[in-house]
Amino acid sequence: MESFYNKSDWGWEDNFKLKELTDKDARFLIVRDSTDKIVGFSHFRFDMESNYPILYCYELQIENAIQRKGVGKHLMSILTLIAYKFKLVKILLTVFKDNTAGLNFYRNSLHFGRDESCPYDEEGKCYLILRKSIDKAEISNIKC
């Protein structure tokens, strides 16, 4: 993800990212391969937005070698189940506009839509804020 940050208005700052990842509110789902090497993860937090409890997915990163094999979708299914279990109203995430693979994944595979807090295109921001409401009917179809 560092390359996306470097191309954005935000830039990359090691200390800032380390602080974000080690924040007391940070939670993680970790994917390991058969040799116990970390090959993917999701960094998420429980948060409030407009007085509603939400789950905010800060990062979803999967090693290139195992992308498009259902790992990211599985992690997002787990996040959806967590949000449902804790009675949260939606999942939010931020994705860089030039991360076309990520945008396609969230929009087409997971059916995330633009959140009302997402900046308008005219604002020239390098990112979008996407959301997915927690739907009880969808929860019953999740296979983990």
Side-chain angles (χ1 to χ4, degrees), residues 1-14 16-33 37-144:
M1 294 300 298
E2 186 175 349
S3 64
F4 286 111
Y5 279 91
N6 282 330
K7 290 187 288 184
S8 76
D9 302 340
W10 298 344
W12 180 267
E13 170 53 50
D14 286 341
F16 177 80
K17 186 51 79 173
L18 181 61
K19 185 177 178 183
E20 181 180 272
L21 290 169
T22 57
D23 186 277
K24 67 178 179 56
D25 294 326
R27 303 290 180 262
F28 296 90
L29 295 175
I30 307 290
V31 179
R32 296 178 185 271
D33 67 10
K37 176 186 168 204
I38 295 175
V39 293
F41 74 94
S42 174
H43 164 204
F44 67 98
R45 297 184 192 186
F46 298 103
D47 208 342
M48 295 291 287
E49 175 149 314
S50 301
N51 295 323
Y52 292 103
I54 64 161
L55 186 149
Y56 206 109
C57 179
Y58 276 62
E59 304 266 347
L60 177 66
Q61 294 193 37
I62 309 295
E63 277 204 6
N64 289 339
I66 62 167
Q67 287 181 358
R68 294 177 176 74
K69 298 189 184 312
V71 177
K73 193 170 188 176
H74 185 70
L75 285 176
M76 293 305 292
S77 292
I78 293 170
L79 290 181
T80 301
L81 289 170
I82 290 169
Y84 176 75
K85 178 74 175 170
F86 284 92
K87 297 178 175 29
L88 309 178
V89 297
K90 64 184 173 180
I91 297 174
L92 283 179
L93 58 86
T94 303
V95 60
F96 288 114
K97 287 181 177 178
D98 64 348
N99 182 356
T100 54
L103 278 169
N104 288 333
F105 172 67
Y106 293 121
R107 286 181 165 162
N108 302 331
S109 295
L110 300 178
H111 309 291
F112 273 72
R114 188 182 194 113
D115 188 66
E116 57 270 6
S117 65
C118 185
Y120 294 103
D121 290 337
E122 300 80 38
E123 295 178 57
K125 301 294 184 183
C126 60
Y127 62 91
L128 298 172
I129 299 174
L130 303 180
R131 62 116 181 77
K132 186 171 189 179
S133 297
I134 304 305
D135 180 4
K136 187 175 182 177
E138 180 185 341
I139 299 299
S140 63
N141 295 325
I142 293 177
K143 295 171 181 75
C144 286

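Just so it is clear, the values below take in all heavy atoms, side chains as well, and ignore hydrogens, waters and symmetry mates.
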Checklist entry - About how many Å separate CD1 of Ile62 and NZ of Lys69, when rounded to the nearest 0.5 Å? => result 12.5 Å

Checklist entry - Excluding sequence neighbours, so at least two apart, what forms ring-ring contact (aromatic ring centres under 6.0 Å, His included) with Phe28? => result His43

Checklist outcome for this item: For Glu123, the salt bridge (charged side-chain N to carboxylate O under 4.0 Å, His left out) test, sequence neighbours excluded, returns none

Next on the checklist: Can you confirm whether Val89 sits close enough to Arg131 that some side-chain heavy atom of one is under 4.5 Å from a side-chain heavy atom of the other?
Outcome noted: no

Checklist entry - Which value, rounded to the nearest 0.5 Å, describes the distance between Leu60 atom CG and Phe41 atom CZ? => result 8.5 Å

Item to check | Residues in side chain to side chain contact (heavy atoms under 4.5 Å, CB included) contact with Ala65, at least two apart in sequence or another chain | outcome: none

Next on the checklist: Please enumerate all residues that pass ring-ring contact (aromatic ring centres under 6.0 Å, His included) together with Tyr56, with sequence neighbours excluded.
Outcome noted: Tyr58

Checklist entry - If you draw a 6.0 Å radius around CZ in Arg68, do more than 12 non-hydrogen atoms from other residues or ligands fall strictly inside? => result no

Item to check | Which atom of Ile129 lies closest to which atom of Leu92, heavy atoms considered | outcome: CG2-CD2, 4.1 Å

Checklist entry - Mind checking what makes side chain to side chain donor-acceptor pair (under 3.5 Å) contact with Gln67, not counting sequence neighbours? => result Asn64

Item to check | Test log, rule side-chain contact (heavy atoms from CB on, under 4.5 Å), inputs Met76 and Leu93 | outcome: CA-CA 11 Å; Met76 293 305 292; Leu93 58 86; 4.1 Å; yes

Next on the checklist: Going by salt bridge (charged side-chain N to carboxylate O under 4.0 Å, His left out), name the residues that satisfy it together with Asp33, two or more places apart in sequence or in a different chain.
Outcome noted: none

Item to check | Minimal non-hydrogen separation, Val95 against Gly102, with atom names | outcome: CG2-C, 4.3 Å

Item to check | salt bridge (charged side-chain N to carboxylate O under 4.0 Å, His left out) partners of Lys73, counting only residues at least two apart | outcome: none

Checklist entry - Looking at residues at least two apart in the chain, or sitting in another chain, which of them share a salt bridge (charged side-chain N to carboxylate O under 4.0 Å, His left out) with Asp25? => result none

Next on the checklist: Could you measure the distance from the CD atom of Glu63 to the NZ atom of Lys37? Nearest 0.5 Å is fine.
Outcome noted: 3.5 Å

Checklist entry - Counting distance only, does the side-chain N/O of Ser42 pair as donor-acceptor with the main-chain N or O of Ile30 below 3.5 Å? => result no

Checklist entry - Nearest 0.5 Å, what's the OG-CG distance between Ser133 and Asp115? => result 8.5 Å

Checklist entry - What's the verdict on side-chain contact (heavy atoms from CB on, under 4.5 Å) for Ile78 and Ile82, showing C-alpha distance, side-chain angles and the deciding distance? => result CA-CA 6 Å; Ile78 293 170; Ile82 290 169; 3.9 Å; yes

Next on the checklist: Measuring from atom CZ of Arg45 to atom CG of Leu55, what distance do you get when rounded to the nearest 0.5 angstrom?
Outcome noted: 11.5 Å

Next on the checklist: Suppose we screen for side chain to side chain donor-acceptor pair (under 3.5 Å). Which residues come up paired with Lys24, at least two apart in sequence or across chains?
Outcome noted: none

Under 3.5 Å, sequence neighbours excluded: what are the donor-acceptor pairs made by side chains of residues 106-113?
none

Next on the checklist: Which heavy atom of Phe44 sits nearest to which heavy atom of Cys57, and what is that distance?
Outcome noted: CB-CA, 4.1 Å

Next on the checklist: How close do Lys90 and Glu116 get, counting heavy atoms only, and between which atoms?
Outcome noted: NZ-OE2, 3.1 Å

Checklist entry - Between Arg114 and Pro119, what is the shortest heavy-atom contact and its length? => result NH2-O, 2.6 Å

Next on the checklist: Working to the nearest 0.5 angstrom, can you tell me the gap between Asn51 CG and Glu49 CD?
Outcome noted: 10.5 Å

Next on the checklist: Working note: Ile38 + Gln61, criterion side-chain contact (heavy atoms from CB on, under 4.5 Å); need CA distance, chi angles, decisive distance, verdict.
Outcome noted: CA-CA 10 Å; Ile38 295 175; Gln61 294 193 37; over 6 Å; no

